[in-house]
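Please read these numbers as outputs of a predicted model, since none were measured by experiment.
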Amino acid sequence: TNLIKAGTIPVIAAAIGGALWLLGFLGGLMGILFWVVAAFAGYWYVNLVLKSGAKPSILEVAINGAILGAVVGLVYAVVSWIALGIRFPRLVSLGYNWGFGAVIRNFVEGGIGGAIGAAGWYAYKSGMIKTK
């Protein structure tokens with residue numbers, strides 16, 4: 001249930017980021033910031049879990065962060081694909097730099113980013129990483 005609750009905001013952010021491809025250069029900027037959104041998904045999940053009082057293992061947190069990050073990546077990729085198809089229909093029809101391979105790539109990259117964000121934030125908040 002925490003995974004579903006935590007997914008709303010990052011998925012909306014990914015959809016908005018993908019839709020920014022309609023505006024040209026803003027989509028390119030969002031392409032760079034995609035990793036931030038994926039890591040944010042992992043952070044957001046861990047933050048929600050820790051507020052609920054649960055004490056999961058770091059492996060469980062990383063796996064669930066990866067799942068959420070992958071969903072964020074999938075949403076971003078599909079919305080980007082649609083936006084690029086609207087903005088540059090000729091390029092997309094030619095398969096220029098976007099297609100099913102890009103969807104899979106963003107799915108995997110989102111999973112990696114979500115796992116890193118979740119595990120990193122969990123390690124920091126649980127005291128595994130000492131800052132002093």
Side-chain angles (χ1 to χ4, degrees):
T1 47
N2 284 332
L3 194 58
I4 294 170
K5 287 180 190 175
T8 306
I9 292 175
V11 166
I12 290 171
I16 291 170
L20 286 176
W21 281 102
L22 287 169
L23 302 176
F25 73 92
L26 288 176
L29 179 63
M30 188 56 208
I32 294 167
L33 295 177
F34 169 71
W35 282 93
V36 174
V37 174
F40 170 76
Y43 152 79
W44 195 254
Y45 166 72
V46 168
N47 210 26
L48 187 66
V49 167
L50 293 177
K51 284 183 181 178
S52 74
K55 298 289 182 190
S57 69
I58 193 163
L59 183 60
E60 181 182 344
V61 165
I63 290 170
N64 286 334
I67 291 168
L68 186 55
V71 169
V72 164
L74 186 64
V75 168
Y76 173 78
V78 169
V79 173
S80 295
W81 197 3
I82 292 168
L84 283 169
I86 292 169
R87 182 154 170 90
F88 305 110
R90 185 100 169 122
L91 292 178
V92 172
S93 68
L94 295 173
Y96 176 76
N97 198 24
W98 205 257
F100 187 69
V103 172
I104 298 300
R105 185 188 71 233
N106 281 334
F107 180 76
V108 171
E109 288 176 355
I112 292 168
I116 290 170
W121 189 247
Y122 183 78
Y124 173 73
K125 291 302 273 186
S126 65
M128 290 180 184
I129 298 174
K130 304 291 184 203
T131 56
K132 293 181 184 178

Here the pair of heavy atoms bringing Ala15 nearest to Val79 is O-CG1, 3.4 Å
Should Ile9 and Phe40 count as side-chain neighbours, where that means a heavy-atom distance under 4.5 Å? yes
d(Leu50 CG, Tyr45 OH) to nearest 0.5 Å is 9.5 Å
Here the pair of heavy atoms bringing Glu109 nearest to Phe34 is CB-CE2, 4.1 Å
dist Ile112:CD1 -> Phe107:CZ (nearest 0.5 Å) comes out at 11.0 Å
Here the pair of heavy atoms bringing Gly7 nearest to Pro10 is O-CD, 3.5 Å
Sidechain-backbone polar pair: Tyr76 side chain, Ala38 backbone, donor-acceptor under 3.5 Å: no
Closest heavy-atom pair, Lys55 versus Tyr122, reported as atoms and distance to 0.1 Å, is C-OH, 4.3 Å
Distance col, row Trp44:CH2 vs Leu68:CG, nearest 0.5 angstrom, shows 11.5 Å
Asn64/Ile67 under side chain to side chain contact (heavy atoms under 4.5 Å, CB included): CA gap, chis, key distance, verdict: CA-CA 5 Å; Asn64 286 334; Ile67 291 168; 4.0 Å; yes
All heavy atoms of Gly18 vs all of Ala83, minimum pair found to be O-CB, 3.6 Å
The reported gap from CG in Leu22 to CD1 in Ile82 (rounded to nearest 0.5 angstrom) is 10.0 Å
Side chain to side chain contact (heavy atoms under 4.5 Å, CB included) test vs Val72 passes for just one of Asn106, Val37, Ile12, namely Val37
